[in-house]
Amino acid sequence: PKASSPSTVSWVDRTLQQLLTESLADRAARLISSGEGMLTADLPSLLDKMAHEAHRIVTVDNALLGAPLFGDDWDTQEMVTTRTSGVDVIDRFTSGEVVGEVVIIAGPYGSCKSLLAVNSCVLAAKRWSAIWNKHLQSKSKEPMRRPVVIYVSYETPRAEFQRRVLANAAYIPYQRLMSMKKLSDLRGPGAEPAKYEEKLYAGTSRKHVCEKERAQYATRLANQHIMFVDMTGKDPALQHYGQDGIQELTRVLRSIFDKQKELQPVVMWVDHTAEMADEYAIANGIDDKDKISMLRMLPKQLSKIGSEF
C-alpha cells in the first residue's frame with residue numbers, strides 16, 4: 001500500500017504504540033528491580049509519572065480526536081440531563097447536578113460551607129437510598145451497584161462528621177448531640193417528646209418517632225450510602241494521609257473502589273480544597289505562588305476523578 005494510505009498510517013501508529021509500551025515496561029521493571037536508591041515513599045510518584053507516560057502512548061492515535069462534532073447517531077444519543085442536588089439554594093445557582101461537573105462553593109471561614117456540604121450529602125444519600133430500595137424491590141435483573149455519596153474531608157474529623165450526619169438525617173439538634181457522652185442517652189420509645197420534637201411534629205400528620213429510632217435510621221442510611229474518606233491526618237492510624245494532594249486522593253479512591261466493586265460513587269464532596277493545598281504545601285515545601293497554581297488546576301483534576309468513577 002501507499003505510504004500515506006490509511007492502512008499504512010494505522011499500522012505505523014499501532015507499531016509505534018507497541019514499541020513505546022514495551023520500552024516503558026522494560027524501563028519500569030529495571031528501575032523497580034534495581035531499586036537505585038529508591039525509597040518506598042518515592043513509589044507513588046514514580047507510578048504516577050509512568051501512568052502519565054502510558055497515557056501519552058495510548059493517545060498516540062485516537063479516532064475521537066478531530067472527529068465530526070455530530071456523528072451518524074446524533075439524533076439517538078442521550079442528552080445531558082440534570083438532577084437535583086437536594087439543596088434548593090445549590091439548584092437555583094446550578095440548575096441541578098450534571099454528571100462529571102465540578103461545582104466550587106467558596107466563602108470565608110465560618111460561613112457554613114461544611115454545614116451545607118454535609119446537608120447536601122445526607123439529602124443525596126436519602127435520594128439514592130430510595131432509588132436503590134426501589135431497584136431491590138423490583139427484583140430487576142438489570143445490574144445496579146449500591147450508590148454511595150463520598151465525603152472527602154481534609155478538615156472535619158470523623159467524630160464531628162458523625163454528629164453532623166446524625167443532626168441532619170435524624171433531625172436531632174447538633175447542640176444536644178454535643179452535650180451527650182453516649183448516644184445511648186437518646187430518648188427511646190415511650191419517652192416524653194422534647195420541646196424541639198413538639199415543634200418538629202407540630203401541624204403535621206406524621207407519627208412521632210423517638211430520637212433513638214431516628215438515629216438508627218440515620219446510621220443505617222450512612223452505612224449504606226455515605227462514605228467518609230478521612231484525609232485530615234487527625235486519626236493516629238491515618239496521620240500520614242492528606243499531604244500529597246490530588247494524586248494521593250486519586251490513589252486512595254482507586255484503592256477503595258478496586259476492593260469494593262459492589263459500590264457506585266454518585267456524588268463526591270471535597271471539604272475543602274484550600275486545606276488540601278495547605279497540607280500539600282507544608283509537606284512538599286512549595287510557596288504561595290505554586291499553591292495558587294495548584295488550586296487553579298484542582299477543578300479540572302477533580303473533574304477527571306469524577307469521569308473515572
Undergrad: Less than 4.0 Å between a side-chain N and a carboxylate O, is that true for E160 and R164?
TA: yes
Undergrad: Please check if the number of heavy atoms outside D75 that lie under 6.0 Å from its CG is greater than 12.
TA: yes
Undergrad: For the hydrophobic clusters of this structure (ILVMFWY residues joined by side-chain heavy atoms under 4.5 Å, transitively), does one cluster hold both V122 and I105?
TA: yes
Undergrad: To the nearest 0.5 Å, tell me how far H208 NE2 sits from E213 CD.
TA: 9.0 Å
Undergrad: With a 4.5 Å cut-off on side-chain heavy-atom distances among I, L, V, M, F, W and Y, is there a chain of contacts connecting L186 to Y217?
TA: no
Undergrad: Is there a donor-acceptor pair closer than 3.5 Å between any side-chain N or O of N284 and the backbone N or O of I286?
TA: no
Undergrad: Check whether K234 reaches the backbone of E155 with its side chain - one donor and one acceptor, N or O, closer than 3.5 Å.
TA: yes
Undergrad: Judged by atom type as modelled, is there a donor-acceptor pair below 3.5 Å linking the side chain of S120 to the main-chain atoms of A117?
TA: no
Undergrad: Do other residues, nucleotides or ligands put more than 12 heavy atoms under 6.0 Å from F93 CZ?
TA: no
Undergrad: E248 versus M231: any side-chain heavy-atom pair under 4.5 Å?
TA: yes
Undergrad: How about F257 and P265: do any of their side-chain heavy atoms sit closer than 4.5 Å?
TA: yes
Undergrad: Is F161 atom CZ crowded by more than 12 heavy atoms from other residues, nucleotides or ligands, each under 6.0 Å away?
TA: yes
Undergrad: Taking C-beta and beyond as the side chain, do V165 and V118 meet within less than 4.5 Å on heavy atoms?
TA: yes
Undergrad: For K259 and S255: C-alpha separation, side-chain torsions, deciding distance, then whether side-chain contact (heavy atoms from CB on, under 4.5 Å) applies.
TA: CA-CA 6 Å; K259 295 173 183 175; S255 175; 3.7 Å; yes
Undergrad: Is it true that D271 and K113 make a salt bridge, defined as a side-chain N closer than 4.0 Å to a carboxylate O?
TA: no
Undergrad: Return the minimal non-hydrogen interatomic distance between V267 and A124, and the atom names on each side.
TA: CG2-CB, 4.4 Å
Undergrad: Tell me whether V252 is reachable from M294 by hopping between hydrophobic residues (I, L, V, M, F, W, Y) whose side-chain heavy atoms are closer than 4.5 Å.
TA: yes
Undergrad: Nearest 0.5 Å, what's the CH2-CD1 distance between W269 and I226?
TA: 13.0 Å
Undergrad: Please examine the side chains of E308 and L253, heavy atoms only from C-beta on, and report whether any two atoms are closer than 4.5 Å.
TA: no
Undergrad: Tell me, do I131 and M144 make a side-chain contact under 4.5 Å, heavy atoms counted?
TA: yes
Undergrad: Please report the closest heavy-atom contact between T156 and T232, naming both atoms and the distance.
TA: O-CG2, 3.5 Å
Undergrad: Please check if atom CZ in F228 has more than 12 non-hydrogen atoms from other residues, nucleotides or ligands closer than 6.0 Å.
TA: yes
Undergrad: Could you check V148 against W128 for side-chain contact (heavy atoms from CB on, under 4.5 Å), going step by step and ending with a plain yes or no?
TA: CA-CA 8 Å; V148 290; W128 282 102; over 6 Å; no
Undergrad: Testing V229, L249, D230 one by one against Y154 for a side chain to side chain contact (heavy atoms under 4.5 Å, CB included), which residue passes?
TA: L249
Undergrad: Quick one: do Q247 and Y280 satisfy side chain to side chain donor-acceptor pair (under 3.5 Å)? Show the steps, please.
TA: CA-CA 11 Å; Q247 291 82 7; Y280 182 87; 5.3 Å; no
Undergrad: Apply side-chain contact (heavy atoms from CB on, under 4.5 Å) to L298 and V270, showing your working.
TA: CA-CA 11 Å; L298 277 177; V270 179; over 6 Å; no
Undergrad: Less than 4.5 Å apart, any side-chain heavy atom of R146 and any of L263?
TA: yes
Undergrad: Between the side chain of E275 and the main-chain N/O of H272, is any donor-acceptor distance below 3.5 Å?
TA: no
Undergrad: Would you confirm whether N119, through its side chain, and L115, through its main-chain N or O, come within 3.5 Å as a donor-acceptor pair?
TA: no
Undergrad: Roughly how far, to the nearest 0.5 Å, is CZ of R251 from OH of Y241?
TA: 9.5 Å
Undergrad: Please report the shortest heavy-atom distance between K291 and D278, naming the atom on each side.
TA: NZ-OD1, 2.8 Å
Undergrad: Calculate, to the nearest 0.5 Å, the distance between atoms OG and CE belonging to S153 and M276 respectively.
TA: 11.0 Å
Undergrad: Atom NZ of K261 and atom CD1 of I256: how far apart are they, to the nearest 0.5 Å?
TA: 13.0 Å
Undergrad: About how many Å separate CZ of R187 and CZ of R214, when rounded to the nearest 0.5 Å?
TA: 9.5 Å
Undergrad: Taking the inter-plane angle between the rings of W132 and H225 on a 0 to 90° scale, is it parallel (under 30°), tilted (30 to 60°) or perpendicular (over 60°)?
TA: perpendicular
Undergrad: Closer than 3.5 angstrom, by distance alone: can the side chain of S303 be matched with the main-chain N or O of P299 as a donor-acceptor pair?
TA: no
Undergrad: Taking C-beta and beyond as the side chain, do L177 and I172 meet within less than 4.5 Å on heavy atoms?
TA: yes
Undergrad: Tell me whether M297 shares a hydrophobic cluster with M268, the cluster being built from Ile, Leu, Val, Met, Phe, Trp, Tyr side chains joined at under 4.5 Å.
TA: no
Undergrad: So with a 6.0 Å cut-off around CZ of R206, is the heavy-atom count from everything else above 12?
TA: yes
Undergrad: Quick one: do M178 and Y171 end up in the same hydrophobic cluster if we chain Ile, Leu, Val, Met, Phe, Trp and Tyr together by side-chain heavy atoms under 4.5 Å apart?
TA: no
Undergrad: Within the 4.5 Å heavy-atom criterion, are I246 and K304 side-chain neighbours or not?
TA: no
Undergrad: Going through the distances and angles, do T219 and L183 end up as a side-chain contact (heavy atoms from CB on, under 4.5 Å)?
TA: CA-CA 12 Å; T219 56; L183 291 177; 6.0 Å; no
Undergrad: Search all heavy atoms of A218 against all heavy atoms of L166 and return the closest pair with its distance.
TA: CB-CD2, 3.8 Å
